[in-house]
Each structure stands twice: as C-alpha cells, then as structure tokens.
Amino acid sequence: MSSHVRVRFAPSPTGFFHIGSARTALFNWLYARHTGGAFILRIEDTDEARNNPAYLQLIYDSLRWLGLNWDEGPDAGGSFGPYLQSQRGAIYQDYLEKLKATGRTYEKEGALFFRISGETQVINDAIRGPVERKEEKDFVVVRSNGTPIFHLTNVIDDIAMEVTHVIRGEDHLSNTSKHVELVKAFGAPMPIYAHLPLILKQNGPGKMSKRDQGALVEDYRKRGYFPEALDNFLALLGWSPKDDTEKMPLEEVARRFDIPGINKSNVRFDEKKLAHMNMLYLLGAPADDFLARVRAHFQLVGSAEATRALNADSAYFREIMALTQPKVKTIEEVLAYTGYFFTDEFPVDPKARDKILAKGDAAARVRELSEGLASADFSSDQSIEQAVQSIASAHNLTLSDYVHAGRLAVSGTNVGPSFYSLYRVLGKERVMQRLGAFRA
RNA sequence: GUCCCCAUCGUCUAGCCCGGUUAGGACACCACCCUUUCACGGUGAGAACAGGGGUUCGAAUCCCCUUGGGGACGCCA
C-alpha cells in the first residue's frame with residue numbers, strides 16, 4: 001500500500017545524535033510506515049562553520065542502528081534530490097527569484113530580508129489544534145555572505161520535496177509562523193504541521209540537551225542496549241496505544257501509531273524505565289542473538305578482560321552466556337558478571353566474603369567440598385547436587401552451608417548463576433583447583 | 001520582558017473529545033512469597049485529577065482566572 005504521505009527527518013550534522021532527534025526521526029518513520037508513505041532523510045548542512053563529516057556519518061549509523069530505514073536520502077537516492085542542502089544551491093536560487101518577484105524581499109546591511117505580512121497566522125497543528133501566532137518583525141532569509149538561512153531552505157525543501165506532514169519538536173512551533181508566511185508567499189500548498197512534545201531532562205529544569213546524562217544514542221549503543229528497546233521506549237514517550245500494551249515490536253507500533261494518539265505535554269526522560277524495557281528485550285532474545293550481542297559488546301569494550309573472554313573456548317563461552325542471559329538486565333553488566341569464568345585471578349568481593357564468613361566456618365566447608373567432590377560426577381546439575389547433598393548429610397549440615405562458601409571460593413562473590421550450573425560449567429578441574437586454593 | 005504551548009500517582013500514561021470510574025496500567029520505591037546467592041517471577045501496600053471560580057442534579061472530563069512547567073524571541077538549526 002502506498003499513500004501520498006511524505007515526511008522527512010532533517011537533522012544537522014553539527015553534533016552528537018541525541019535522544020530527542022532519535023524520537024523525532026522515529027515518529028516520522030512510524031507515520032510513514034503506518035500510512036505507506038515515504039520517509040525522507042534530508043541533511044540540513046547549511047551552517048558551514050559547524051558542519052562535521054563525522055557527525056553526518058553518526059546520523060547514518062544511528063538511524064541504521066535504530067532500524068529506521070529511509071526511502072529517500074543522500075545515499076538512498078530518490079527523485080527529489082539532492083538530499084544534502086549544501087548541494088541544493090541552484091534550487092534555492094530559483095525559489096529566491098520567485099520570492100523576490102513577490103516584492104516581499106529587500107536588502108539591508110548586505111543581507112536579504114523577508115517582509116512579514118503583519119497578519120496573524122493560524123497553524124492547524126495536528127497535535128495541538130489551531131495555534132495563532134503573529135510575526136513581529138521582518139527576518140533574514142539570506143545572510144550577507146550569500147548563504148540561505150534555515151527558515152528559507154527548510155520551507156523551500158519541504159515544498160520542493162512535496163512534504164505533506166512536518167513532524168518536528170515543539171521548539172519549532174514558534175518558528176512555524178515564519179514558515180507559514182513563506183509557504184504562502186511561494187503560493188505552495190500548506191503542509192500539515194505536527195509539533196511533538198519535548199523530552200525534558202530527567203533531573204532539573206529544561207529540555208534534554210546533548211550534554212545531559214544519558215542523552216546520546218551512541219551511549220546506549222556502546223553500552224550494548226537493544227535498539228529495539230530504545231525504539232520501544234521512545235515510541236512510548238509522548239505516544240500511547242491507549243490500551244496497556246507496552247512491549248511491542250516496531251512493526252506493531254507502526255501499525256498502531258497515528259498522530260491523534262500523540263500527547264501534547266512534555267515528557268520526562270526516565271532511564272530506569274528504558275533499562276526495564278531493555279531487560280524485557282534481553283530476556284526475550286534468542287540465545288544466539290544474545291551471544292552475538294555480547295561478543296560485539298566485548299569487542300567494543302576491547303579491554304584485557306573482554307579480550308580474554310572472547311578468546312575463551314567458544315562452547316565454554318556459550319554455556320556461560322546461557323547461564324548469564326536470564327540473570328542480567330543489560331549487556332554491559334555481563335563482563336563483570338562473568339569475569340571469574342575466564343581467569344583464576346578473579347577479585348574477591350570483601351563484602352560478600354565478610355557476609356559468608358560471618359555465617360560459619362567457610363574454610364571448613366570448602367575443605368569438605370573439596371574432599372567430597374573429588375570423586376563426584378560433574379556432568380549434570382543433578383549429579384553435582386547429589387554429591388553436595390551427601391557431603392552435607394555426612395556433616396549434618398544443610399546445602400545452604402556449602403553453597404555459599406562454595407560459591408565464594410570459586411567466584412569471589414555471592415551473586416551469580418545457579419550454584420550447580422556454576423560448578424558444571426566451570427568444570428571439575430577449575431572447581432577443584434579453586435577450592436584447593438581457597439583461603440578464608 | 002514579549003509571544004506561544006502544556007497541566008492525572010515521583011516518572012510514562014489510560015480515562016477527557018461524547019460529564020456519572022472503588023480514577024486503571026507500567027517504571028521506581030516498600031513489604032511479603034518463591035529461592036542455594038543474585039536476578040527474574042508472583043502477591044500486596046503507599047502514591048495523582050495544581051489551586052480557585054463558574055456551568056450542571058452531578059466536573060478529572062466543559063468554560064474562565066491564577067499558579068506552575070516548557071518553548072521561542074540569532075545573518076544557529
């Protein structure tokens with residue numbers, strides 16, 4: 001199905017890609033996919049001083065990582081190109097001639113100004129309803145150095161690219177009266193404007209900016225977050241499916257998404273809820289997918305510990321991760337959670353040690369385990385459990401007495417996977433060696 | 001300062017348009033259960049209609065004001 005809907009995401013390559021941009025891109029993408037329309041990526045690189053090719057690449061990478069594919073754009077083609085504003089000079093010249101022909105422009109101090117109409121403009125915002133605003137003074141459309149300004153290029157491109165819906169942040173609502181004046185001056189059809197509520201920083205006043213904690217998409221990528229989780233979380237920031245569904249694959253969100261379902265009020269970013277959403281995706285991921293993401297994350301981390309883990313036997317690695325997936329909330333926890341599997345030089349958590357030592361004679365329990373397990377069968381959780389059970393019975397103690405001390409001895413911590421699975425995966429040789437080396 | 005937008009638990013929200021709900025869900029927090037630890041999971045608790053006026057038999061829901069929050073006022077985008 002296709003429709004006439006054409007939406008665009010129009011970022012500037014002047015900084016890191018942040019959550020607010022991702023949300024704007026996502027909502028445009030969702031609307032395009034919902035309607036069967038086109039999602040256009042247009043790069044607004046008219047500020048030569050602040051543009052940076054690295055940031056342009058980051059826009060592509062971030063959108064791809066989020067799974068937001070574009071139908072038209074700098075590297076995707078399309079019949080309305082070029083999609084880099086820096087390459088559209090001739091188009092702007094043509095439109096500028098039309099604008100000059102209306103008699104509404106004049107030069108002052110070397111810059112070209114646009115004369116406002118003085119009329120109150122009514123913006124029929126698809127989210128907010130009718131909004132009245134009047135421009136107070138003429139504004140610059142071409143700088144004295146000859147380069148066109150945002151308001152001009154943005155409006156011209158939306159006209160030239162036949163954009164039907166302008167979905168952007170509410171910070172642009174005040175600009176929209178300028179844009180409406182320009183669209184009218186060009187005699188072009190008015191796009192439907194939809195101004196999204198802003199994302200506010202988690203703590204303190206004001207909207208979220210690139211400098212705020214947790215504001216960069218890149219961070220979540222580096223931390224091994226599932227992009228599906230970020231998408232899902234972002235979709236729920238200002239939009240709701242109206243029933244209580246929260247976890248939804250992007251295709252489902254796209255199917256259910258519509259502009260009337262978007263809320264008007266600003267929203268506060270909540271990293272905890274994002275983390276929870278991420279956990280849901282992590283728990284639901286196929287084991288192979290989890291494994292691949294862990295490996296990719298370890299590669300990205302690149303530390304000695306990460307490299308050591310990556311160099312471990314792949315079947316061993318896989319078994320460790322099978323135990324780990326149900327226990328962690330984020331990929332970034334995995335390295336610390338599994339460190340002791342990959343080295344005998346693991347650190348001992350002093351708090352865990354004190355806690356376990358306070359409960360009983362850990363050294364004795366470990367010694368008993370070491371003796372009792374010498375002839376045990378490590379091939380299954382059950383066989384290990386049976387062995388530990390008989391050790392416990394022989395000493396008139398409980399499983400719990402052995403489990404805690406036994407875990408501390410082989411892992412240096414009191415948290416981790418199921419005790420018997422831990423021993424099975426570590427393997428008899430490592431377990432016996434570590435039990436023997438244990439000193440309370 | 002001027003203009004514009006917004007207003008339900010701490011947070012994201014359902015309910016609002018088309019007045020009658022014990023105002024529902026999720027995250028977070030707390031308690032308990034599950035349990036060999038830690039998580040997960042389960043159960044439960046606390047937690048909101050910003051305030052004031054109207055309209056109405058009846059207002060979270062409609063109207064106005066106040067307050068609060070946010071945004072814009074660039075030869076940035």
Side-chain angles (χ1 to χ4, degrees), chain A residues 10-15 21 43-47 49-51 85 108-113 123 125 127-129 131-137 139-151 153-154 168-178 195 197-200 202-203 205-207 233 236-247 260 263-277 279-280 282-283 324-329 333 337 352 355-356 385 388-389 392 398-408 411 413-422:
Chain A
S12 298
T14 55
S21 299
I43 305 297
E44 307 217 327
D45 54 349
T46 55
D47 186 353
R50 292 168 61 211
N51 289 335
Q85 286 192 329
K108 197 172 92 180
E109 293 163 8
L112 191 72
F113 280 72
I123 302 148
D125 194 280
I127 294 170
R128 278 145 222 293
V131 176
E132 290 187 1
R133 222 190 100 85
K134 190 165 77 173
E135 280 303 314
E136 299 296 335
K137 53 183 190 198
F139 56 93
V140 174
V141 287
V142 180
R143 298 181 187 91
S144 50
N145 71 4
T147 58
I149 248 164
F150 161 72
H151 300 298
T153 58
N154 186 271
R168 63 194 353 177
E170 204 224 67
D171 48 343
H172 283 293
L173 186 54
S174 301
N175 290 148
T176 307
S177 42
K178 287 189 180 74
H195 287 93
L198 264 21
I199 300 176
L200 271 25
Q202 354 196 29
N203 303 302
K207 64 170 175 171
F233 170 77
L236 261 18
L237 228 42
W239 173 82
S240 154
K242 304 301 178 194
D243 59 17
D244 293 329
T245 314
E246 292 203 332
K247 190 188 175 202
N263 292 111
K264 294 185 176 84
S265 50
N266 291 164
V267 296
R268 206 167 278 277
F269 185 77
D270 182 1
E271 230 180 325
K272 289 234 178 86
K273 184 126 190 183
L274 206 205
H276 176 260
M277 189 61 80
M279 181 197 72
L280 259 25
L282 187 152
L283 252 26
T324 303
Q325 185 176 0
K327 299 292 222 167
V328 294
K329 290 187 175 182
E333 293 168 49
Y337 193 83
K355 202 173 163 186
I356 290 165
E385 181 170 3
V388 177
Q389 180 64 66
T398 65
L399 277 174
S400 161
D401 294 319
Y402 288 94
V403 161
H404 298 109
R407 178 189 298 281
L408 180 70
S411 71
T413 173
N414 61 344
V415 307
S418 152
F419 179 74
Y420 309 111
S421 304
L422 170 66

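Model, not experiment: these values are computed from the prediction. Atom set for the values below is all heavy atoms of this structure, side chains included, hydrogens, waters and symmetry mates excluded. In what follows, chains carry the letters A, B, and so on, assigned in the order in which the sequence lines appear, proteins first and then strands, with residues in each chain numbered from 1.
Between A:Pro241 and A:Leu236, the shortest heavy-atom distance links the atoms CD-CD1, 4.1 Å.
A salt bridge between A:Lys264 and A:Glu170 is absent, with no side-chain N of the basic residue lying under 4.0 Å from a carboxylate O of the acidic one.
Across the P atoms, B:C64 and B:C73 are found 28 Å apart, a figure rounded to whole Å. Separation of the C1' atoms belonging to B:C9 and B:C5 is 24 Å when rounded to the nearest angstrom. When the P atom is compared between B:C38 and B:A14, the two are found 37 Å apart, to the nearest whole Å. Taking atom C1' in both B:G44 and B:G58, one finds a spacing of 34 Å when rounded to whole Å. Across the C1' atoms, B:C65 and B:A23 are found 26 Å apart, a figure rounded to whole Å. A gap of 23 Å separates the C1' atoms of B:C75 and B:G71, to the nearest Å.
Remark: A:Phe139 pairs with A:Phe114, A:His151 by the ring pair (Phe, Tyr, Trp, His ring centres under 6.0 Å) rule, at least two apart or across chains. Qualifying ring pair (Phe, Tyr, Trp, His ring centres under 6.0 Å) partners for A:Phe233, counting only residues two or more places apart in sequence or in other chains: A:Phe269. Scored by the side chain to side chain donor-acceptor pair (under 3.5 Å) test, A:Gln325 finds no partners at all (sequence neighbours excluded). Judged as a ring pair (Phe, Tyr, Trp, His ring centres under 6.0 Å), and not counting sequence neighbours, the contacts of A:His172 are A:Phe150.
A:Arg407 comes within 4.0 angstrom of a nucleotide base, judged by non-hydrogen atoms across all strands.
Residues A:Thr413 and A:Tyr337 fail the side-chain proximity criterion, which asks for heavy atoms closer than 4.5 Å. With a 4.5 Å cut-off on side-chain heavy atoms, A:Thr176 and A:Arg133 do not count as touching.
Under the Watson-Crick and G-U wobble criteria, each requiring two contacts below 3.5 Å, nucleotide B:A50 is paired to B:U66. Base pairing of B:A14: no nucleotide in any strand meets the Watson-Crick or G-U wobble criterion (both distances under 3.5 Å). With a cut-off of 3.5 Å on both pairing distances, the Watson-Crick or G-U wobble partner of B:A72 is B:U2. Remark: B:C9 base-pairs with no nucleotide; criterion is Watson-Crick or G-U wobble with both hydrogen-bond distances under 3.5 Å. Pair check for B:A31 finds B:U43; Watson-Crick or G-U wobble, both atom distances under 3.5 Å.
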Which parts of nucleotides 59-68 of chain B does protein reach within less than 4.0 Å, heavy atoms only, written one letter per nucleotide 5' to 3' as B for base, S for sugar-phosphate only and - for none? ----------

Each nucleotide of nucleotides 12-26 of chain B classed B (base within 4.0 Å of a protein heavy atom), S (only sugar-phosphate) or -, in 5' to 3' order, makes BSSS--------BBB

